[in-house]
Amino acid sequence: MTSELSKTFDPAAIEQRWYQHWEDNGLFRPDRPDAEAYTIVNPPPNVTGSLHIGHALDNTLQDIMIRYERLRGKDALWVVGTDHAGIATQMVVERQLEAAQDKRTNYSREDFIAKVWQWKEESGGTITRQLRRLGCSMDWSREQFTMDPHFSDAVMKVFVDLYNDGLIYRDKRLVNWDPKLKTAISDLEVETQEIKGSFWHFRYPLADGVKLANGRDYIQVATTRPETMLADMAVAVHPTDERYASVVGKFVTLPITGRRIPILADEHADPELGSGAVKITPGHDFNDFEVGKRAGFAPGEMLNMLDAEANVSQTSDGLIPDEFLGLHRFRKDKVDGARELVVQRLKEQGFLIPHVTEQDGERTEHDAEPRTIQTPFGDRGGVVIEPWLTDQWYVDAAQLAKKPIEAVKSGEVEIVPKSWEKTFFNWMENIQPWCVSRQLWWGHRIPAWFNADGEIFVALTEEAAQAKADPDAVLTRDNDVLDTWFSSALWPFATLGWPNDPPQHGVGDHAQHGGGAGSVGREVPLHLPSGGPPPRSGEDLLAKHYPNNLLISGFDILFFWDARMMMMGRHLTGQNPWPRLYLHGLVRAADGQKMSKSKGNVVDPLGLIEQYGADALRFFMAAMESQGRDIKMDDRRVEGYRNFATKLWNATRFCQANGIAASTTLEAPAATSAVNRWIIGEVVETQAKLDQALADLRFDTAAGTIYHFVWDNFCDWYIELIKPGLGANFDAETKAVAGWVLDQILVMLHPFMPFVTEELWSKQGDRADYPLITAKWPEPRAKVDAAAKAEVEWLIALTSAMRAAKNELGIPPGTKLEAYLADPSDAAKTVIAGNQSAIERIARISAVHFEAAPDGAAMQIGVGADSFVVPLAGLVDIEAEKSRLTKALEVSAKEAKSLEGRLSNANFVDRAKPEAVEKAKADFAHHSAEVERLTAALERLG
RNA sequence: GGGCGUAUAGCUCAGUGGUAGAGCACUGUGUUGACAUCGCAGGGGCCGGGAGUUCAACUCUCUCUACGCCCACCA
């Protein structure tokens with residue numbers, strides 16, 4: 001029973017309906033308690049986010065794997081959720097306040113966080129709705145958020161445990177400070193950019209009348225950051241540098257501040273560079289910090305001349321003149337920045353060494369030498385990062401990295417494509433302590449308390465912290481929150497209920513757990529009332545679905561997320577989060593540029609979905625995803641896959657119009673005709689190739705395989721071949737086989753194009769209780785039928801040869817002709833006898849006579865060993881046929897000659913693989929026969 | 001400075017140690033009602049340059065060139 005299809009395929013008309021149907025009926029995770037698990041966790045997009053083209057790629061690939069494994073009968077679970085995205089989300093809400101002439105600091109921490117929650121409730125669902133538009137079959141019934149109570153509990157537990165294990169500690173050192181966002185950020189969040197800047201040279205006068213060996217009373221230093229000289233604490237020279245040996249241990253009187261600072265010997269100073277002497281500002285430069293430490297300065301003594309917004313503030317020795325205080329650290333083209341003022345004062349006082357250029361004999365003096373400077377920027381705030389001395393929390397990443405490194409080395413964890421392994425090792429083996437504290441309000445507040453003396457107590461709750469401290473001590477909770485990636489590193493297992501599955505706490509616990517004890521109780525109640533995902537009765541999700549089977553992510557978050565999941569997963573659960581990590585590239589704009597809002601070349605996936613349908617966009621992503629390469633956006637290609645969907649749609653309409661309905665069997669129906677036996681074999685081969693491609697994570701090969709089967713084999717040949725002659729009906733066998741093949745197509749294509757296939761599946765028969773999404777992946781026991789394959793391929797060759805010949809001779813394609821085959825091969829006799837109707841309709845040969853052709857104009861058609869003669873009786877000029885045959889003769893003659901040369905080469909025959917020799921011989925035989933045949937044909941024409 | 005990647009038809013991209021493919025574009029043409037979002041036929045490539053290994057290289061090695069990306073403290 002079928003229901004009629006509309007004339008054309010309209011994606012928009014079916015997508016929403018089917019998605020709703022799947023989701024409402026729980027089909028994204030059908031109850032399969034006894035089935036083998038297959039699990040992927042979705043990289044949680046920022047809750048503030050909206051679907052960009054990269055998400056479309058990432059999620060399409062994941063959905064293909066999930067749908068595929070679901071069809072194969074697995075208990076496929078695709079974990080989905082969103083990330084609270086600390087900085088990004090807080091920025092969004094702050095921007096909204098700004099728009100209303102308001103600001104965060106007008107509110108208490110609690111009230112501001114409540115506002116963020118409110119925003120999340122109102123606007124946070126954008127991306128999850130958009131993922132549905134793409135057709136992603138995630139398990140929404142268990143949607144997660146990184147600040148869900150159970151998730152927050154896990155985060156707190158991890159912090160406390162790692163602290164107790166000595167893997168988290170507090171340290172005072174330089175951090176990457178974002179003066180705009182006023183928070184520390186991690187190394188990974190710093191992006192180095194090349195900026196055109198300047199390089200200034202200064203004289204630092206020697207104190208106490210000391211002179212250099214060359215008689216000078218000053219030391220020359222150079223810098224790209226003059227303003228930091230206000231906090232200089234030393235000048236360093238290389239220990240072996242003769243020029244300065246006599247002044248090591250002596251002092252310099254710093255201009256402007258008059259600070260008396262020592263001259264140190266330190267390996268850091270490079271004698272080859274500039275003057276060989278370098279100014280040391282331990283509080284504002286990572287290298288200088290190390291030099292300072294070696295010189296015996298404690299971090300607490302290092303001078304700090306900037307406030308949190310990187311404006312100049314007084315150093316602890318009080319030596320910075322008032323005129324500098326409060327100035328911006330630098331500000332281009334203005335004197336109101338500290339940088340300009342320092343330069344100006346030094347110049348006035350004669351401490352600036354001008355940079356001299358000579359052009360056309362003309363000497364010009366400049367304040368500074370122009371120079372390209374590698375400058376650090378914050379990836380969120382977009383301003384220059386300031387190395388700043390603060391107390392922060394650090395994770396001992398080097399320790400945690402050990403096991404993951406081993407896991408990848410041993411192959412326990414496979415990175416696909418393998419070329420990323422080197423990058424992975426390089427980063428992991430040189431990993432630095434991970435700064436995880438952020439000076440923000442939105443996020444998981446660090447469970448650490450301080451007493452009045454600054455002593456630290458880390459515990460899950462304030463009560464527990466108090467219990468560790470003096471009972472009378474007044475404890476203050478750390479104000480900082482954790483890096484977002486700290487919590488998302490727990491995603492593969494915390495989403496499954498770790499550490500307890502099912503979650504043990506109830507609603508009442510929220511005020512005490514969930515990221516905040518007491519003082520921040522309001523961080524919790526505004527969301528999910530249920531307190532975590534609903535576990536199915538008796539289901540141990542963690543045991544069944546962890547480790548996951550695969551992770552798919554963009555290579556851009558290999559360090560941010562993937563590596564950290566490996567570190568956390570391995571340490572906390574003792575297992576790798578997944579055995580396989582697939583990294584895909586970036587989706588680029590059509591011109592190859594990276595998409596960015598500022599360039600205005602961002603392609604909106606939803607626009608593409610509206611234009612061509614989600615299926616087409618998905619198929620594009622799959623077809624273009626070859627391992628390890630970026631994808632260039634190409635609308636034309638998306639359009640092509642829309643056409644592909646239409647093609648299938650119309651093939652199905654054809655089936656319907658001819659009583660070809662849903663298959664009643666999983667197994668291939670019994671078939672006697674060659675065409676039917678052939679197509680069954682093609683299904684078998686297609687499925688095998690598809691299975692292999694997906695096992696190898698070759699999405700492009702998989703997509704290409706099903707595409708060509710559908711379009712070339714099924715539509716272009718099979719359907720044409722089975723069409724019965726005039727007025728005749730389809731035989732029962734063909735109807736059964738065609739219906740079965742179409743069903744297999746729908747199943748095999750479903751992971752790539754879920755919507756159109758589900759629609760067609762439903763239209764092919766009354767299968768309301770058997771939707772395609774949970775149908776069964778084909779497992780035909782049929783084998784490829786070699787005889788049928790040879791027969792149909794012979795038929796196809798004959799047809800193609802006839803068409804090409806007619807085309808070249810300008811004979812209308814519809815013309816039916818008679819053919820003569822004087823000395824038919826057995827193969828020819830069999831095929832011709834068994835496919836009368838097809839030969840007439842497809843090859844347009846009305847009759848084949850097994851006898852010599854009558855004299856007269858004719859064209860020659862070669863198929864394998866057989867040579868057809870097709871009389872044309874004045875339809876064509878002999879010259880055209882001659883030239884056609886001559887062209888073909890030349891091609892074969894050239895091939896034959898080349899092969900002959902190879903075969904007469906003793907080295908080739910002796911050393912080449914036997915198969916290669918055999919093939920060369922066969923090819924030579926074929927081309928020689930062609931030469932003979934065509935020569936004879938030409939002779940016949942005179 | 002270190003590492004990685006890419007250079008194949010006009011465009012976007014596959015590809016294998018045995019002589020090169022797809023989609024789109026292009027040219028010609030339209031045969032029975034699935035489909036013009038289509039069918040059929042066709043043109044088009046010293047597979048970035050050079051050297052080496054091999055009977056044989058687009059495919060392996062080295063090198064050069066161009067482009068891209070990542071990591072790194074050159075003041």
Side-chain angles (χ1 to χ4, degrees), chain A residues 5 7-9 187 192 199 221-225 236 268-270 272-281 285-290 373-374 387 417 419-420 422-423 425-427 430 555-556 558-559 585-586 588 590 592 594 612 616 623-624 626 628-637 639-658 698 700-701 704 707-708 715-716 719-720 723 725-727 799-800 803-808 810 812-816 840-842 844 895 898-899 902 905-913 915-917 919-920 923:
Chain A
L5 287 173
K7 176 96 178 156
T8 52
F9 165 50
D187 298 346
T192 307
F199 195 49
V221 296
T223 182
T224 57
R225 301 207 54 191
H268 169 65
D270 183 349
E272 306 292 316
L273 233 47
S275 66
V278 57
K279 66 190 269 306
I280 300 297
T281 322
D285 181 282
F286 288 103
N287 287 313
D288 295 3
F289 179 78
E290 296 302 322
I373 303 167
Q374 304 287 324
S419 53
W420 282 103
K422 238 179 180 166
T423 307
F425 290 136
N426 184 46
W427 189 69
N430 297 293
F555 64 71
D556 52 329
L558 171 60
F559 303 146
L586 253 48
R588 296 176 169 279
K594 207 166 162 176
Y612 301 112
M624 299 307 288
S626 63
R629 213 168 142 133
D630 287 350
I631 293 176
K632 254 181 242 183
M633 203 52 231
D634 184 355
D635 287 17
R636 307 295 295 261
R637 198 136 179 167
E639 186 183 10
Y641 294 127
R642 187 273 316 264
N643 295 352
F644 175 57
T646 305
K647 184 78 181 172
L648 178 66
W649 180 270
N650 281 302
T652 308
R653 286 182 64 222
F654 168 81
C655 290
Q656 291 200 352
N658 294 287
R698 286 308 306 242
D700 54 347
T701 308
Y707 180 92
H708 285 113
C715 293
D716 285 350
I719 286 184
E720 294 307 321
K723 282 178 182 169
L726 294 167
T799 306
S800 298
R803 287 169 175 171
K806 280 173 158 177
N807 197 292
E808 280 191 61
T815 318
K816 287 196 180 173
E840 179 165 359
R841 275 189 355 273
I842 309 289
R844 313 226 118 225
E895 283 293 321
S898 152
L899 286 161
R902 220 187 317 165
N905 179 346
N907 279 329
F908 173 70
V909 180
D910 293 347
R911 301 196 204 178
K913 284 177 298 184
E915 310 92 86
V917 178
K919 183 167 185 303
D923 289 349

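Computed from a predicted model, the values in this text were never measured in an experiment. Atom set for the values below is all heavy atoms of this structure, side chains included, hydrogens, waters and symmetry mates excluded. Numbered from 1 within each chain, the chains take letters A, B, ... in sequence-line order.
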Go along nucleotides 41-47 of chain B 5' to 3' and tag each nucleotide: B for a protein heavy atom under 4.0 Å from its base, S when only backbone or sugar atoms are that close, - otherwise. SS-----
Would you mind building the protein contact string for nucleotides 67-75 of chain B? One character per nucleotide, 5' to 3', B for base within reach (heavy atoms under 4.0 Å), S for sugar-phosphate only, - for untouched. -S---BBBB
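A donor and an acceptor atom sit less than 3.5 Å apart, one in the side chain of A:Lys647 and one in the base of B:C35.
At the heavy-atom level, A:Arg637 lies under 4.0 Å from base atoms of the strands shown. Across all strands, A:Glu720 comes closer than 4.0 Å to base atoms (heavy-atom distances). Counting non-hydrogen atoms under 4.0 angstrom, A:Lys806 reaches nothing in the nucleic acid. Note on A:Ser626: only backbone sugar-phosphate atoms sit closer than 4.0 angstrom, heavy atoms only; bases stay farther off.
In this structure A:Ala616 satisfies the side chain to side chain contact (heavy atoms under 4.5 Å, CB included) test together with A:Tyr612, A:Val638, A:Tyr641, A:Arg642, sequence neighbours excluded. Among residues two or more places apart in sequence or in another chain, the side chain to side chain contact (heavy atoms under 4.5 Å, CB included) test is passed with A:Arg803 by A:Trp717, A:Thr799, A:Ile842. Under the side chain to side chain contact (heavy atoms under 4.5 Å, CB included) criterion, A:Ser898 pairs with no residue at all, not counting sequence neighbours.
The heavy-atom pair separating A:Pro813 from A:Lys806 by the smallest distance is O-NZ, 3.2 Å.
Taking a pair as Watson-Crick or G-U wobble with both distances under 3.5 Å, the runs of three or more consecutive pairs in RNA chain B are B:1-7 with B:65-71, B:10-13 with B:21-24, B:26-30 with B:38-42, B:48-52 with B:60-64.
No hydrogens or angles considered: nothing links the side chains of A:Arg902 and A:Asn905 as a donor-acceptor pair under 3.5 Å.
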